[in-house]
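Report on the structure given below.
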Number of protein chains: 2
Amino acid sequence: MIDTQFIPEARAPAPGEPGREAIELAAVLHALSDPVRLQIVAELGDRVEHTCGSIKLPVTKSTCTHHFRVLREAGLIHQRQEGTSRLNSLRSDDLETRFPGLLDTVLRAAALG
Amino acid sequence: MIDTQFIPEARAPAPGEPGREAIELAAVLHALSDPVRLQIVAELGDRVEHTCGSIKLPVTKSTCTHHFRVLREAGLIHQRQEGTSRLNSLRSDDLETRFPGLLDTVLRAAALG
DNA sequence: GCAGATGTACGATGATCGTCGTACAATCGA
DNA sequence: TCGATTGTACGACGATCATCGTACATCTGC
């Protein structure tokens, strides 16, 4: 039995996204292995919520939806509805707790081009 | 024109593996996104040369060859022949130079299970 | 030379992936 | 109410992927 009392900010996962402890490394790395998704995560790296449409991507809307779903199901992003828009944010705290340093290191590597 | 004079240890790449500066982040992450390859890299993390056969994997020899090729073409490992065996080693220095901290962070994350 | 060990090459197969177009649902402003 | 905006659902397509079996190449030891 795992005591969750001392895990900070461990809110219940939204439907369709894994809980903090259920985030799998292979799934995270796979999600980050696509250039489009890497770009999305990089733009979300400012810790600000972005709508899907506010991130300019070289793919159609359908493909965009697909990539955001992959990121959500891998546990990388959180999505919440607001009007007709869907606000996306990086699950920085969950990822930092689960795999310390991973997200920062990848984002720094991505910035190197 | 890039001056390679001050890049330490930048030996010429073996055929079939990318040069240090040609290592692509997406390719590295994709290579690491498979559980079998993640296990290989983890076992190579001791900075010792391992033969393909010395790493016990839940796949056949052919599949093993395939995974080692993916790792090599992504720039993660170096292979050199010795008798009938092929010795594999992690390209730790090249990776550290190209994407600082990435390999260590991923290996630490992999150790968390 | 011959048998064993180590690993590759090649082709096949079923699964997954990235992309798209079309249609649809939900919300907001005029 | 009506049109515009935002994003999803679904199905399709070609490409890539992980896996395997069989055959082959190379080296070592007897």
Side-chain angles (χ1 to χ4, degrees), chain A residues 14-18 24-44 48-90 110, chain B residues 14-18 24-44 48-90 110:
Chain A
E17 69 183 33
E24 300 243 12
L25 179 59
V28 169
L29 295 176
H30 169 252
L32 292 172
S33 71
D34 181 274
V36 174
R37 290 193 292 263
L38 205 48
Q39 179 182 345
I40 294 174
V41 171
E43 303 222 19
L44 257 43
V48 171
E49 286 180 318
H50 291 75
T51 65
C52 300
S54 72
I55 302 179
K56 269 291 155 262
L57 298 170
V59 291
T60 65
K61 275 195 306 176
S62 327
T63 306
C64 194
T65 296
H66 162 71
H67 286 307
F68 276 99
R69 180 172 49 231
V70 172
L71 290 171
R72 171 167 38 84
E73 291 177 350
L76 277 159
I77 67 171
H78 174 72
Q79 298 184 302
R80 73 181 180 89
Q81 200 72 25
E82 178 142 322
T84 75
S85 296
R86 176 158 291 189
L87 294 178
N88 303 278
S89 55
L90 226 42
Chain B
E17 68 184 33
E24 298 243 13
L25 179 59
V28 169
L29 296 177
H30 170 252
L32 292 171
S33 72
D34 182 275
V36 174
R37 291 194 291 264
L38 205 48
Q39 178 182 346
I40 294 174
V41 172
E43 303 222 18
L44 257 43
V48 171
E49 285 180 318
H50 290 74
T51 64
C52 300
S54 72
I55 301 178
K56 270 291 156 261
L57 297 171
V59 291
T60 65
K61 275 196 306 178
S62 327
T63 307
C64 194
T65 296
H66 161 71
H67 286 306
F68 276 98
R69 180 173 51 232
V70 172
L71 289 171
R72 170 169 39 84
E73 291 178 348
L76 277 159
I77 66 170
H78 173 72
Q79 298 183 303
R80 73 182 181 89
Q81 200 72 24
E82 179 141 320
T84 74
S85 295
R86 175 157 291 189
L87 295 177
N88 304 279
S89 56
L90 227 42

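Naming convention: chains lettered A, B, ... in sequence-line order (proteins, then strands); numbering from 1 in each chain. The figures here come from the full heavy-atom set of this structure, side chains too, leaving out hydrogens, waters and symmetry mates.
- For Gln81(A), the side chain to side chain contact (heavy atoms under 4.5 Å, CB included) partners two or more places apart in sequence, or in a different chain, are Arg86(A).
- Checking the phosphate oxygens (OP1, OP2) of dT8(D), a side-chain nitrogen or oxygen of Arg86(A) falls inside 4.0 Å.
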TODO: Take Leu32(A) and Leu76(A) through the side-chain contact (heavy atoms from CB on, under 4.5 Å) test and state the conclusion after the steps.
DONE: CA-CA 9 Å; Leu32(A) 292 172; Leu76(A) 277 159; 4.0 Å; yes
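- Contact detail for Ala31(B) and Leu71(B): the closest heavy-atom pair is CB-CD2, 4.0 Å.
- His66(A) is linked by a side chain to side chain donor-acceptor pair (under 3.5 Å) to nothing, counting only residues two or more places apart in sequence or in another chain.
- In this structure His67(A) satisfies the side chain to side chain donor-acceptor pair (under 3.5 Å) test together with Arg37(A), sequence neighbours excluded.
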N/O contacts under 3.5 Å, protein versus nucleotides 27-30 of chain D?
none

Please enumerate all protein N or O atoms sitting under 3.5 Å from an N or O of nucleotides 11-16 of chain D, with distances to 0.1 Å.
none

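- For DNA chain C, the residues of residues 34-43 of chain A within the heavy-atom distance limit of 4.0 Å (strictly under) are Asp34(A), Arg37(A), sorted by number.
- Taking a heavy-atom distance under 4.0 Å as the criterion, the stretch of DNA chain C touched by chain B extends 5' to 3' from dT6(C) to dA9(C).
- Direction of the helix axis in the helix from dG1(C)-dC30(D) to dA30(C)-dT1(D) shifts by 20° between the two five-pair termini, rounded to 10°.
- For residues 24-34 of chain B, the set of pairs meeting the side chain to side chain donor-acceptor pair (under 3.5 Å) definition, not counting sequence neighbours, is empty.
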Could you tabulate the donor-acceptor pairs under 3.5 Å formed by side-chain atoms of residues 52-65 of chain A, not counting sequence neighbours?
from     : atom 1 : to       : atom 2 : distance (Å)
Ser54(A) : OG     : Thr51(A) : N      : 3.4
Ser54(A) : OG     : Thr51(A) : O      : 2.9
Ser54(A) : OG     : Thr51(A) : OG1    : 3.4
Thr60(A) : OG1    : Thr63(A) : OG1    : 3.3
Thr65(A) : OG1    : Lys61(A) : O      : 3.2

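- Within residues 55-66 of chain B, the residues approaching DNA chain C are Lys61(B), Ser62(B), Thr65(B), by heavy-atom distance under 4.0 Å.
- Scanning for salt bridge (Lys or Arg N to Asp or Glu O under 4.0 Å) contacts around Arg69(B) gives an empty result, with sequence neighbours left out.
- Checking Cys52(B) against Val70(A), the closest nucleotide of DNA chain C that is more toward the 5' end is the one next to Cys52(B).
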